[in-house]
Amino acid sequence: MKKVTTDSRIEIKEVYTAEDLTSLPKEVLEEMPGQFPYTRGVQPDMYRGKLWTTRQYAGFSTAEESNKRYHYLLSQGVMGLSVAFDLPTQIGYDSDHALSEGEVGKVGVAIDSLEDMERLFQGIKLEDVSTSMTINATGFILLALYVALAKKQGADLTKISGTIQNDILKEYAARGTYIYPPKPSMRIITDIFEWCAKEVPKWNTISISGYHIREAGSTAVQEIAFTLSNGKAYVKAALDKGLDIDVFGKRLSFFFNAHNNLFEEVAKFRAARRMWAKMMKDLGAKDPKALMLRFHTQTGGSTLTAQQPQNNISRVTIQTLAAVLGGTQSLHTNGFDEALSLPTESAARIALRTQQIVAYESGVVDTVDPLAGSYYIESLTNEVEQKALELIEKIESIGGSVSAIEQGFIQDEIAKSAYDYQRLVESNEKIIVGVNKFIVEELNNTPLLKIDDSIREIQTKRLETLKSRRDNMAVLNSLEKIASAAKDGTNLMPVVVEAVENYCTLGEIADTLRKIFGEYK
(Lines give C-alpha, C1' and ligand atoms only; values in the text may rest on other atoms or scores of the structure.)
Protein backbone atom coordinates (compact mmCIF):
# COMPACT_ATOMS: atom_id res chain seq x y z
CA MET A 1 0.00 0.00 0.00
CA LYS A 2 1.08 3.55 -0.73
CA LYS A 3 2.42 5.41 2.30
CA VAL A 4 0.38 8.35 3.60
CA THR A 5 2.38 11.23 5.06
CA THR A 6 1.89 14.73 6.41
CA ASP A 7 3.31 17.67 4.46
CA SER A 8 6.48 17.27 6.56
CA ARG A 9 6.79 13.66 5.31
CA ILE A 10 5.86 12.17 8.69
CA GLU A 11 4.26 8.80 7.95
CA ILE A 12 0.68 8.47 9.15
CA LYS A 13 -0.57 5.13 10.39
CA GLU A 14 -3.99 3.86 9.34
CA VAL A 15 -5.18 3.84 12.93
CA TYR A 16 -3.79 5.01 16.28
CA THR A 17 -4.45 3.29 19.61
CA ALA A 18 -3.50 3.65 23.26
CA GLU A 19 -0.33 1.68 22.50
CA ASP A 20 0.99 4.65 20.51
CA LEU A 21 1.11 6.66 23.73
CA THR A 22 2.97 4.13 25.87
CA SER A 23 6.36 5.58 24.89
CA LEU A 24 5.38 9.06 26.11
CA PRO A 25 6.47 10.03 29.63
CA LYS A 26 3.73 10.07 32.26
CA GLU A 27 4.16 13.81 32.87
CA VAL A 28 3.38 14.52 29.20
CA LEU A 29 0.07 12.68 29.36
CA GLU A 30 -0.87 14.22 32.71
CA GLU A 31 0.09 17.80 31.86
CA MET A 32 -2.59 20.44 32.43
CA PRO A 33 -3.10 23.71 30.50
CA GLY A 34 -1.12 26.62 31.90
CA GLN A 35 1.55 24.30 33.33
CA PHE A 36 5.14 23.87 32.16
CA PRO A 37 5.99 23.06 29.39
CA TYR A 38 2.69 24.52 28.14
CA THR A 39 1.95 21.90 25.46
CA ARG A 40 -1.75 22.38 26.17
CA GLY A 41 -1.67 26.18 26.20
CA VAL A 42 -0.21 29.10 28.12
CA GLN A 43 -3.41 29.84 30.08
CA PRO A 44 -5.32 27.43 32.35
CA ASP A 45 -8.68 28.58 30.92
CA MET A 46 -7.54 29.64 27.41
CA TYR A 47 -10.50 30.97 25.38
CA ARG A 48 -13.06 30.50 28.16
CA GLY A 49 -11.21 33.33 29.90
CA LYS A 50 -10.44 35.49 26.85
CA LEU A 51 -10.70 34.94 23.12
CA TRP A 52 -7.66 35.35 20.91
CA THR A 53 -7.07 38.85 19.52
CA THR A 54 -8.73 39.15 16.11
CA ARG A 55 -6.51 41.12 13.75
CA GLN A 56 -6.71 42.03 10.08
CA TYR A 57 -3.45 42.83 8.32
CA ALA A 58 -4.07 46.08 6.48
CA GLY A 59 -2.10 48.90 4.93
CA PHE A 60 -2.01 50.29 1.42
CA SER A 61 -1.72 53.51 -0.55
CA THR A 62 -1.43 56.61 1.65
CA ALA A 63 -1.72 56.81 5.42
CA GLU A 64 -5.19 58.39 5.03
CA GLU A 65 -6.51 55.48 2.96
CA SER A 66 -5.14 52.94 5.44
CA ASN A 67 -6.62 54.93 8.31
CA LYS A 68 -10.09 54.59 6.74
CA ARG A 69 -9.65 50.81 6.58
CA TYR A 70 -8.53 50.71 10.24
CA HIS A 71 -11.60 52.62 11.39
CA TYR A 72 -13.81 50.28 9.35
CA LEU A 73 -12.17 47.15 10.80
CA LEU A 74 -12.42 48.49 14.36
CA SER A 75 -16.12 49.18 13.77
CA GLN A 76 -16.56 45.55 12.63
CA GLY A 77 -15.11 44.00 15.79
CA VAL A 78 -11.35 43.81 15.18
CA MET A 79 -9.55 43.87 18.54
CA GLY A 80 -6.08 44.82 17.32
CA LEU A 81 -4.55 46.51 14.29
CA SER A 82 -1.89 44.93 12.11
CA VAL A 83 0.01 47.30 9.84
CA ALA A 84 1.43 46.37 6.44
CA PHE A 85 4.16 48.66 5.11
CA ASP A 86 5.21 49.13 1.50
CA LEU A 87 8.56 47.78 0.32
CA PRO A 88 10.43 51.13 0.34
CA THR A 89 9.47 51.61 3.99
CA GLN A 90 10.58 48.06 4.78
CA ILE A 91 14.06 48.56 3.30
CA GLY A 92 14.68 52.11 4.47
CA TYR A 93 13.95 54.27 1.43
CA ASP A 94 11.77 57.38 1.40
CA SER A 95 9.07 57.51 -1.24
CA ASP A 96 11.06 59.99 -3.34
CA HIS A 97 14.10 57.69 -3.63
CA ALA A 98 14.84 56.40 -7.14
CA LEU A 99 14.59 52.77 -5.98
CA SER A 100 11.08 53.42 -4.60
CA GLU A 101 9.60 54.04 -8.04
CA GLY A 102 6.76 51.64 -8.84
CA GLU A 103 6.50 50.35 -5.25
CA VAL A 104 5.13 53.23 -3.16
CA GLY A 105 1.94 52.21 -1.37
CA LYS A 106 1.63 48.97 -3.32
CA VAL A 107 1.99 46.10 -0.81
CA GLY A 108 1.46 48.27 2.25
CA VAL A 109 1.26 51.83 3.45
CA ALA A 110 4.03 54.34 2.73
CA ILE A 111 5.49 55.85 5.92
CA ASP A 112 8.22 58.47 5.45
CA SER A 113 7.95 60.60 8.59
CA LEU A 114 6.09 61.30 11.83
CA GLU A 115 3.55 63.25 9.77
CA ASP A 116 2.58 60.04 7.97
CA MET A 117 2.30 58.21 11.30
CA GLU A 118 -0.01 60.97 12.56
CA ARG A 119 -2.22 60.50 9.49
CA LEU A 120 -2.15 56.70 9.82
CA PHE A 121 -3.60 56.73 13.34
CA GLN A 122 -5.80 59.84 13.08
CA GLY A 123 -8.72 59.42 15.48
CA ILE A 124 -7.27 56.27 17.10
CA LYS A 125 -5.98 56.46 20.67
CA LEU A 126 -2.85 54.32 20.89
CA GLU A 127 -3.56 53.55 24.55
CA ASP A 128 -6.80 51.85 23.49
CA VAL A 129 -5.51 49.49 20.77
CA SER A 130 -2.87 46.82 20.40
CA THR A 131 -0.88 47.39 17.22
CA SER A 132 1.24 44.83 15.42
CA MET A 133 3.68 46.16 12.83
CA THR A 134 5.17 43.80 10.26
CA ILE A 135 8.53 45.53 9.95
CA ASN A 136 12.06 44.24 10.39
CA ALA A 137 15.14 46.09 9.12
CA THR A 138 13.51 49.46 9.90
CA GLY A 139 11.52 48.15 12.86
CA PHE A 140 13.42 50.38 15.30
CA ILE A 141 12.45 53.48 13.30
CA LEU A 142 8.76 52.52 13.10
CA LEU A 143 8.73 51.81 16.82
CA ALA A 144 10.29 55.24 17.43
CA LEU A 145 7.59 56.84 15.23
CA TYR A 146 4.85 55.01 17.15
CA VAL A 147 6.29 56.06 20.51
CA ALA A 148 6.68 59.67 19.31
CA LEU A 149 3.04 59.71 18.24
CA ALA A 150 1.93 58.20 21.55
CA LYS A 151 3.82 60.98 23.35
CA LYS A 152 2.10 63.60 21.18
CA GLN A 153 -1.25 62.05 22.12
CA GLY A 154 -0.31 62.32 25.81
CA ALA A 155 -0.36 58.54 26.23
CA ASP A 156 1.18 56.76 29.18
CA LEU A 157 4.03 54.83 27.51
CA THR A 158 3.79 52.12 30.15
CA LYS A 159 0.29 51.33 28.84
CA ILE A 160 0.82 51.18 25.08
CA SER A 161 0.94 47.65 23.75
CA GLY A 162 1.75 45.93 20.50
CA THR A 163 4.51 44.18 18.60
CA ILE A 164 7.16 44.94 16.04
CA GLN A 165 8.18 41.90 14.04
CA ASN A 166 11.87 42.89 14.26
CA ASP A 167 13.09 39.41 13.19
CA ILE A 168 16.01 40.03 10.86
CA LEU A 169 17.43 36.49 10.75
CA LYS A 170 14.47 35.14 8.81
CA GLU A 171 14.94 38.01 6.34
CA TYR A 172 18.39 36.68 5.44
CA ALA A 173 17.04 33.13 5.28
CA ALA A 174 13.70 33.50 3.55
CA ARG A 175 12.36 36.94 2.74
CA GLY A 176 15.00 39.49 1.75
CA THR A 177 14.02 42.86 3.25
CA TYR A 178 17.27 43.33 5.14
CA ILE A 179 19.54 46.40 5.07
CA TYR A 180 22.53 45.97 7.35
CA PRO A 181 24.84 42.96 7.89
CA PRO A 182 23.89 40.42 10.59
CA LYS A 183 26.12 41.71 13.38
CA PRO A 184 24.92 45.35 13.48
CA SER A 185 21.37 44.14 12.83
CA MET A 186 21.54 41.94 15.94
CA ARG A 187 22.95 44.89 17.88
CA ILE A 188 19.93 47.04 16.90
CA ILE A 189 17.59 44.27 18.07
CA THR A 190 19.22 43.99 21.49
CA ASP A 191 19.15 47.81 21.79
CA ILE A 192 15.38 47.55 21.30
CA PHE A 193 15.11 44.82 23.97
CA GLU A 194 17.04 46.95 26.46
CA TRP A 195 15.23 50.24 25.78
CA CYS A 196 11.70 48.82 25.68
CA ALA A 197 12.13 47.03 29.01
CA LYS A 198 12.54 50.46 30.62
CA GLU A 199 10.37 52.73 28.47
CA VAL A 200 7.52 50.65 26.99
CA PRO A 201 7.34 47.53 29.20
CA LYS A 202 4.12 46.16 27.62
CA TRP A 203 5.55 46.22 24.10
CA ASN A 204 6.51 42.90 22.51
CA THR A 205 9.98 43.66 21.23
CA ILE A 206 10.19 40.91 18.63
CA SER A 207 7.89 38.52 16.83
CA ILE A 208 10.15 35.64 15.90
CA SER A 209 8.68 34.63 12.61
CA GLY A 210 8.13 31.25 11.08
CA TYR A 211 5.46 32.63 8.79
CA HIS A 212 7.79 33.78 6.03
CA ILE A 213 9.95 30.69 6.36
CA ARG A 214 6.82 28.65 5.60
CA GLU A 215 5.79 31.00 2.79
CA ALA A 216 9.22 30.46 1.21
CA GLY A 217 8.49 26.73 1.00
CA SER A 218 9.50 25.08 4.27
CA THR A 219 7.62 22.22 5.89
CA ALA A 220 5.81 22.56 9.23
CA VAL A 221 8.71 20.85 11.00
CA GLN A 222 11.26 23.18 9.38
CA GLU A 223 9.09 26.18 10.23
CA ILE A 224 9.29 25.61 13.97
CA ALA A 225 12.86 24.26 13.94
CA PHE A 226 14.28 27.28 12.11
CA THR A 227 12.10 29.75 14.03
CA LEU A 228 12.99 28.43 17.48
CA SER A 229 16.65 28.25 16.47
CA ASN A 230 16.49 31.92 15.46
CA GLY A 231 14.78 32.67 18.76
CA LYS A 232 17.63 31.01 20.62
CA ALA A 233 20.11 33.21 18.73
CA TYR A 234 18.26 36.37 19.82
CA VAL A 235 18.16 35.20 23.44
CA LYS A 236 21.90 34.45 23.42
CA ALA A 237 22.65 37.88 21.90
CA ALA A 238 20.61 39.55 24.64
CA LEU A 239 22.33 37.50 27.34
CA ASP A 240 25.72 38.45 25.90
CA LYS A 241 24.68 42.09 26.31
CA GLY A 242 23.96 41.43 29.98
CA LEU A 243 20.17 41.61 29.78
CA ASP A 244 17.95 39.67 32.21
CA ILE A 245 16.29 36.71 30.48
CA ASP A 246 13.37 36.84 32.92
CA VAL A 247 12.71 40.45 31.86
CA PHE A 248 13.18 40.41 28.08
CA GLY A 249 11.95 36.81 27.83
CA LYS A 250 8.42 37.92 28.77
CA ARG A 251 8.33 40.25 25.76
CA LEU A 252 9.32 37.70 23.14
CA SER A 253 6.51 36.55 20.89
CA PHE A 254 6.26 34.31 17.84
CA PHE A 255 4.50 34.45 14.49
CA PHE A 256 3.48 31.22 12.78
CA ASN A 257 1.74 30.15 9.60
CA ALA A 258 -1.37 27.99 9.43
CA HIS A 259 -1.71 25.64 6.47
CA ASN A 260 -4.35 23.13 5.38
CA ASN A 261 -3.08 19.91 6.98
CA LEU A 262 -5.25 20.43 10.05
CA PHE A 263 -3.82 17.90 12.48
CA GLU A 264 -0.16 18.48 11.59
CA GLU A 265 -0.66 22.21 12.15
CA VAL A 266 -2.27 21.64 15.56
CA ALA A 267 0.59 19.29 16.50
CA LYS A 268 3.12 21.89 15.29
CA PHE A 269 1.76 24.60 17.59
CA ARG A 270 1.62 22.25 20.59
CA ALA A 271 5.15 20.96 19.96
CA ALA A 272 6.57 24.47 19.52
CA ARG A 273 5.31 25.57 22.95
CA ARG A 274 6.83 22.52 24.63
CA MET A 275 10.18 22.92 22.85
CA TRP A 276 10.51 26.64 23.58
CA ALA A 277 9.68 26.27 27.29
CA LYS A 278 12.41 23.66 27.68
CA MET A 279 14.85 25.72 25.61
CA MET A 280 14.31 28.87 27.70
CA LYS A 281 14.64 26.88 30.93
CA ASP A 282 17.97 25.51 29.71
CA LEU A 283 19.10 29.07 28.93
CA GLY A 284 18.39 30.12 32.52
CA ALA A 285 14.84 31.50 32.54
CA LYS A 286 12.92 30.98 35.77
CA ASP A 287 9.88 33.25 35.49
CA PRO A 288 6.98 31.19 34.07
CA LYS A 289 6.01 34.03 31.71
CA ALA A 290 9.53 34.00 30.24
CA LEU A 291 9.09 30.30 29.49
CA MET A 292 5.79 30.66 27.65
CA LEU A 293 5.67 30.69 23.86
CA ARG A 294 2.97 33.19 22.92
CA PHE A 295 2.20 33.44 19.23
CA HIS A 296 0.27 35.22 16.52
CA THR A 297 -0.95 33.19 13.55
CA GLN A 298 -1.71 34.20 9.99
CA THR A 299 -3.43 31.89 7.57
CA GLY A 300 -1.22 30.68 4.73
CA GLY A 301 -0.81 33.17 1.90
CA SER A 302 0.98 30.61 -0.26
CA THR A 303 -2.00 28.24 0.01
CA LEU A 304 -4.34 30.72 -1.69
CA THR A 305 -5.14 30.08 -5.34
CA ALA A 306 -5.92 32.52 -8.12
CA GLN A 307 -8.06 29.77 -9.68
CA GLN A 308 -11.58 29.55 -8.23
CA PRO A 309 -10.61 32.08 -5.54
CA GLN A 310 -13.83 31.61 -3.53
CA ASN A 311 -12.44 28.17 -2.57
CA ASN A 312 -9.93 30.09 -0.45
CA ILE A 313 -12.70 30.87 2.05
CA SER A 314 -12.83 27.14 2.86
CA ARG A 315 -9.04 26.95 3.10
CA VAL A 316 -8.92 29.91 5.47
CA THR A 317 -11.62 28.31 7.63
CA ILE A 318 -9.58 25.11 8.02
CA GLN A 319 -6.49 27.16 8.84
CA THR A 320 -8.44 29.22 11.38
CA LEU A 321 -9.51 26.02 13.11
CA ALA A 322 -5.90 24.79 13.13
CA ALA A 323 -4.71 27.99 14.82
CA VAL A 324 -7.49 28.00 17.41
CA LEU A 325 -7.26 24.29 18.19
CA GLY A 326 -3.50 24.81 18.49
CA GLY A 327 -3.90 27.61 21.05
CA THR A 328 -3.00 30.86 19.26
CA GLN A 329 -3.07 34.19 21.14
CA SER A 330 -3.76 36.32 18.07
CA LEU A 331 -5.00 35.59 14.56
CA HIS A 332 -5.16 37.20 11.14
CA THR A 333 -7.25 35.60 8.41
CA ASN A 334 -6.43 36.26 4.75
CA GLY A 335 -8.92 37.59 2.23
CA PHE A 336 -9.99 35.09 -0.42
CA ASP A 337 -8.79 37.46 -3.17
CA GLU A 338 -5.19 37.84 -1.94
CA ALA A 339 -3.71 35.62 -4.66
CA LEU A 340 -4.86 38.36 -7.03
CA SER A 341 -4.43 41.66 -5.15
CA LEU A 342 -4.54 43.32 -1.77
CA PRO A 343 -7.86 42.39 -0.12
CA THR A 344 -10.92 44.44 -0.92
CA GLU A 345 -13.08 45.66 1.95
CA SER A 346 -15.61 42.92 1.22
CA ALA A 347 -12.97 40.16 1.26
CA ALA A 348 -11.49 41.52 4.49
CA ARG A 349 -14.95 41.44 6.09
CA ILE A 350 -15.50 37.78 5.09
CA ALA A 351 -12.07 36.92 6.54
CA LEU A 352 -12.94 38.63 9.81
CA ARG A 353 -16.36 36.96 9.94
CA THR A 354 -14.64 33.58 9.49
CA GLN A 355 -12.81 34.15 12.80
CA GLN A 356 -15.98 35.35 14.49
CA ILE A 357 -18.04 32.35 13.31
CA VAL A 358 -15.39 29.97 14.66
CA ALA A 359 -15.28 31.94 17.92
CA TYR A 360 -19.01 32.27 18.53
CA GLU A 361 -20.71 29.43 16.62
CA SER A 362 -18.40 26.41 16.35
CA GLY A 363 -18.04 25.40 20.00
CA VAL A 364 -14.28 24.80 19.67
CA VAL A 365 -13.58 27.47 22.31
CA ASP A 366 -15.73 25.84 24.98
CA THR A 367 -12.99 23.64 26.46
CA VAL A 368 -9.23 23.99 26.66
CA ASP A 369 -7.09 22.04 24.16
CA PRO A 370 -10.02 19.92 22.91
CA LEU A 371 -7.82 17.54 20.88
CA ALA A 372 -5.63 16.61 23.86
CA GLY A 373 -5.53 12.90 24.56
CA SER A 374 -6.21 11.98 20.95
CA TYR A 375 -3.97 9.04 20.14
CA TYR A 376 -3.18 10.65 16.78
CA ILE A 377 -2.62 14.23 18.00
CA GLU A 378 -0.42 13.25 20.94
CA SER A 379 1.67 10.92 18.76
CA LEU A 380 1.98 13.51 16.00
CA THR A 381 2.92 16.26 18.47
CA ASN A 382 5.72 14.04 19.73
CA GLU A 383 6.93 13.17 16.22
CA VAL A 384 6.93 16.80 15.10
CA GLU A 385 8.92 17.72 18.21
CA GLN A 386 11.49 14.97 17.68
CA LYS A 387 12.06 15.82 14.02
CA ALA A 388 12.32 19.55 14.78
CA LEU A 389 14.82 18.89 17.59
CA GLU A 390 16.97 16.83 15.20
CA LEU A 391 17.07 19.78 12.82
CA ILE A 392 17.90 22.24 15.62
CA GLU A 393 20.77 19.98 16.74
CA LYS A 394 22.11 20.05 13.19
CA ILE A 395 21.97 23.88 13.21
CA GLU A 396 23.74 23.95 16.58
CA SER A 397 26.51 21.74 15.17
CA ILE A 398 27.06 24.37 12.45
CA GLY A 399 27.37 27.10 15.08
CA GLY A 400 23.79 28.29 15.51
CA SER A 401 21.33 30.15 13.29
CA VAL A 402 23.60 33.01 12.25
CA SER A 403 26.31 30.61 11.06
CA ALA A 404 23.74 28.32 9.43
CA ILE A 405 22.33 31.29 7.49
CA GLU A 406 25.79 32.61 6.55
CA GLN A 407 26.69 29.15 5.20
CA GLY A 408 23.39 28.86 3.32
CA PHE A 409 22.23 25.75 5.18
CA ILE A 410 18.79 27.05 6.15
CA GLN A 411 18.19 28.61 2.73
CA ASP A 412 19.12 25.34 1.00
CA GLU A 413 16.82 23.27 3.21
CA ILE A 414 13.89 25.58 2.48
CA ALA A 415 14.64 25.55 -1.26
CA LYS A 416 14.72 21.73 -1.32
CA SER A 417 11.37 21.51 0.44
CA ALA A 418 9.81 24.08 -1.89
CA TYR A 419 11.08 22.13 -4.91
CA ASP A 420 9.80 18.82 -3.55
CA TYR A 421 6.36 20.30 -2.88
CA GLN A 422 6.06 21.84 -6.34
CA ARG A 423 7.17 18.58 -7.94
CA LEU A 424 4.38 16.75 -6.09
CA VAL A 425 1.81 19.30 -7.27
CA GLU A 426 2.96 19.13 -10.89
CA SER A 427 2.93 15.32 -10.88
CA ASN A 428 -0.59 15.35 -9.35
CA GLU A 429 0.64 13.44 -6.29
CA LYS A 430 -0.45 16.45 -4.23
CA ILE A 431 -3.96 17.60 -5.12
CA ILE A 432 -4.78 21.30 -5.06
CA VAL A 433 -8.48 21.70 -5.73
CA GLY A 434 -9.12 23.90 -8.72
CA VAL A 435 -5.46 23.94 -9.74
CA ASN A 436 -4.51 20.39 -10.76
CA LYS A 437 -7.87 18.69 -10.19
CA PHE A 438 -11.53 19.72 -10.43
CA ILE A 439 -10.55 22.42 -12.90
CA VAL A 440 -13.17 24.56 -14.64
CA GLU A 441 -12.99 27.08 -17.44
CA GLU A 442 -13.77 30.37 -15.77
CA LEU A 443 -13.77 34.08 -16.40
CA ASN A 444 -12.32 35.56 -13.24
CA ASN A 445 -14.41 38.60 -12.42
CA THR A 446 -13.30 38.95 -8.79
CA PRO A 447 -13.20 42.70 -7.90
CA LEU A 448 -9.60 43.80 -7.29
CA LEU A 449 -8.08 46.55 -5.17
CA LYS A 450 -5.69 48.50 -7.38
CA ILE A 451 -3.11 51.04 -6.25
CA ASP A 452 -1.95 53.52 -8.89
CA ASP A 453 1.43 55.18 -9.20
CA SER A 454 0.13 58.63 -8.24
CA ILE A 455 0.77 57.72 -4.58
CA ARG A 456 4.48 58.33 -5.12
CA GLU A 457 3.79 61.85 -6.41
CA ILE A 458 1.65 62.60 -3.33
CA GLN A 459 4.32 61.32 -0.94
CA THR A 460 7.12 63.16 -2.79
CA LYS A 461 5.28 66.50 -2.56
CA ARG A 462 4.67 65.91 1.13
CA LEU A 463 8.35 65.24 1.70
CA GLU A 464 9.30 68.44 -0.13
CA THR A 465 6.87 70.44 2.03
CA LEU A 466 8.07 68.78 5.23
CA LYS A 467 11.73 69.46 4.49
CA SER A 468 11.04 73.11 3.66
CA ARG A 469 9.39 73.91 7.01
CA ARG A 470 11.05 71.66 9.59
CA ASP A 471 14.07 72.76 11.65
CA ASN A 472 16.81 71.39 9.40
CA MET A 473 19.58 72.26 11.86
CA ALA A 474 17.83 70.09 14.44
CA VAL A 475 17.59 67.36 11.79
CA LEU A 476 21.34 67.47 11.08
CA ASN A 477 22.11 67.45 14.80
CA SER A 478 19.84 64.42 15.33
CA LEU A 479 21.44 62.48 12.48
CA GLU A 480 24.91 63.23 13.87
CA LYS A 481 23.81 61.86 17.26
CA ILE A 482 22.62 58.66 15.57
CA ALA A 483 25.97 58.29 13.78
CA SER A 484 27.86 58.82 17.06
CA ALA A 485 25.73 56.27 18.94
CA ALA A 486 26.21 53.76 16.14
CA LYS A 487 29.99 54.17 16.36
CA ASP A 488 30.42 54.19 20.14
CA GLY A 489 27.93 51.39 20.91
CA THR A 490 25.46 53.35 23.03
CA ASN A 491 21.78 52.47 22.72
CA LEU A 492 20.35 53.80 19.46
CA MET A 493 16.70 54.05 20.49
CA PRO A 494 16.77 57.35 22.48
CA VAL A 495 18.48 59.24 19.65
CA VAL A 496 16.23 57.69 17.00
CA VAL A 497 13.12 58.73 18.96
CA GLU A 498 14.54 62.25 19.22
CA ALA A 499 15.28 62.24 15.48
CA VAL A 500 11.75 61.31 14.42
CA GLU A 501 10.35 63.91 16.83
CA ASN A 502 12.46 66.45 14.90
CA TYR A 503 10.88 65.09 11.69
CA CYS A 504 13.91 63.29 10.34
CA THR A 505 12.63 60.93 7.67
CA LEU A 506 12.86 57.16 7.73
CA GLY A 507 15.22 57.23 4.73
CA GLU A 508 17.53 59.78 6.33
CA ILE A 509 17.89 57.69 9.48
CA ALA A 510 18.40 54.45 7.53
CA ASP A 511 20.99 56.11 5.26
CA THR A 512 22.91 57.50 8.25
CA LEU A 513 23.32 53.95 9.55
CA ARG A 514 24.12 52.60 6.06
CA LYS A 515 27.22 54.80 6.12
CA ILE A 516 28.31 53.32 9.47
CA PHE A 517 27.20 49.69 9.22
CA GLY A 518 27.28 49.13 5.46
CA GLU A 519 24.74 47.08 3.51
CA TYR A 520 24.37 43.31 3.42
CA LYS A 521 24.88 41.81 -0.03
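- Residues W195 and V200 are in side-chain contact: their nearest non-hydrogen atoms beyond the backbone lie under 4.5 Å apart.
- Looking only at side-chain heavy atoms (C-beta outward), R55 and S130 come within less than 4.5 Å of each other.
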### Task
Please test E265 against K268 for salt bridge (Lys or Arg N to Asp or Glu O under 4.0 Å), starting from the C-alpha separation and ending with a verdict.
CA-CA 5 Å; E265 294 299 295; K268 176 188 78 178; 2.7 Å; yes

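- Taking E385 as the reference, R274, K278 meet the salt bridge (charged side-chain N to carboxylate O under 4.0 Å, His left out) condition, with sequence neighbours excluded.
- At least one side-chain heavy atom of D156 sits under 4.5 Å from a side-chain heavy atom of E127.
- Among E215, Q319, H212, the one residue that satisfies the side-chain hydrogen bond (donor to acceptor under 3.5 Å, both in side chains) test with N257 is E215.
- Pairs of residues two or more places apart, or lying in two chains, never qualify as ring-ring contact (aromatic ring centres under 6.0 Å, His included) while including a residue from residues 124-145.
- Evaluation of the salt bridge (Lys or Arg N to Asp or Glu O under 4.0 Å) test over residues 129-139, restricted to residues two or more places apart or in two chains, returns none.
- Within the structure, the ring-ring contact (aromatic ring centres under 6.0 Å, His included) test picks out the following pairs touching residues 216-253 (sequence neighbours left out): F193-F248.
- By the salt bridge (charged side-chain N to carboxylate O under 4.0 Å, His left out) test, K26 is found to be paired with E30, residues two or more places apart in sequence or in another chain being considered.
- Residues forming a ring-ring contact (aromatic ring centres under 6.0 Å, His included) with F438 (at least two apart in sequence, or on another chain): none.
- Here salt bridge (Lys or Arg N to Asp or Glu O under 4.0 Å) pairs that include residues 131-141, with residues two or more places apart or in two chains, number zero.
- Side-chain atoms of I208 and S253, non-hydrogen and from C-beta on, never get closer than 4.5 Å to each other.
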### Task
Could you please spell out the steps behind the salt bridge (Lys or Arg N to Asp or Glu O under 4.0 Å) verdict for R40 and E31?
CA-CA 8 Å; R40 302 193 61 193; E31 184 191 321; over 6 Å; no

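- Here OG of S218 is found 6.5 Å from CD1 of I213. Values are rounded to the nearest 0.5 Å.
- The aromatic ring centroids of Y376 and Y16 lie less than 6.0 Å from each other.
- When only modelled atom types and interatomic distance are considered, Q329 and K50 share no side-chain donor-acceptor pair under 3.5 Å.
- Expressed to the nearest 0.5 Å, how far CZ of R315 lies from OG1 of T320 amounts to 13.5 Å.
- A heavy-atom distance below 4.5 Å is not found between the side chains of T227 and K170.
- Applying the ring-ring contact (aromatic ring centres under 6.0 Å, His included) rule to F269 yields the partners F295; only residues at least two apart in sequence or on another chain are considered.
- Within 6.0 Å of the CD atom in E27, the count of heavy atoms belonging to other residues, nucleotides or ligands exceeds 12.
- The side-chain hydrogen bond (donor to acceptor under 3.5 Å, both in side chains) test with S417 is passed by exactly one of E223, R214, Q222: Q222.
- The salt bridge (charged side-chain N to carboxylate O under 4.0 Å, His left out) test applied to E390 returns no partner, not counting sequence neighbours.
- For the pair I164 and W203, the minimum side-chain heavy-atom distance is below 4.5 Å.
- With hydrogens and angles disregarded, a donor-acceptor distance shorter than 3.5 Å links the side chain of T299 to the backbone of N334.
- Summarising the geometry, atom OG1 belonging to T6 is positioned 13.0 Å from atom NE2 belonging to H259; distances are rounded to the nearest 0.5 Å.
- There is a side-chain donor-acceptor pair under 3.5 Å between S427 and E429.
- Judged as a salt bridge (charged side-chain N to carboxylate O under 4.0 Å, His left out), and not counting sequence neighbours, K387 has no contacts.
- For residues 300-331, there are no ring-ring contact (aromatic ring centres under 6.0 Å, His included) pairs, not counting sequence neighbours.
- Residues passing the ring-ring contact (aromatic ring centres under 6.0 Å, His included) test with F517 are Y180, sequence neighbours excluded.
- For the atom pair CG (D167) and CZ (F254), the distance works out to 9.0 Å, reported to the nearest 0.5 Å.
- Between the side chain of E194 and the backbone N or O of L243 there is no donor-acceptor pair closer than 3.5 Å.
- Looking at L291 and Y38, their side chains come closer than 4.5 Å, going by heavy atoms from C-beta outward.
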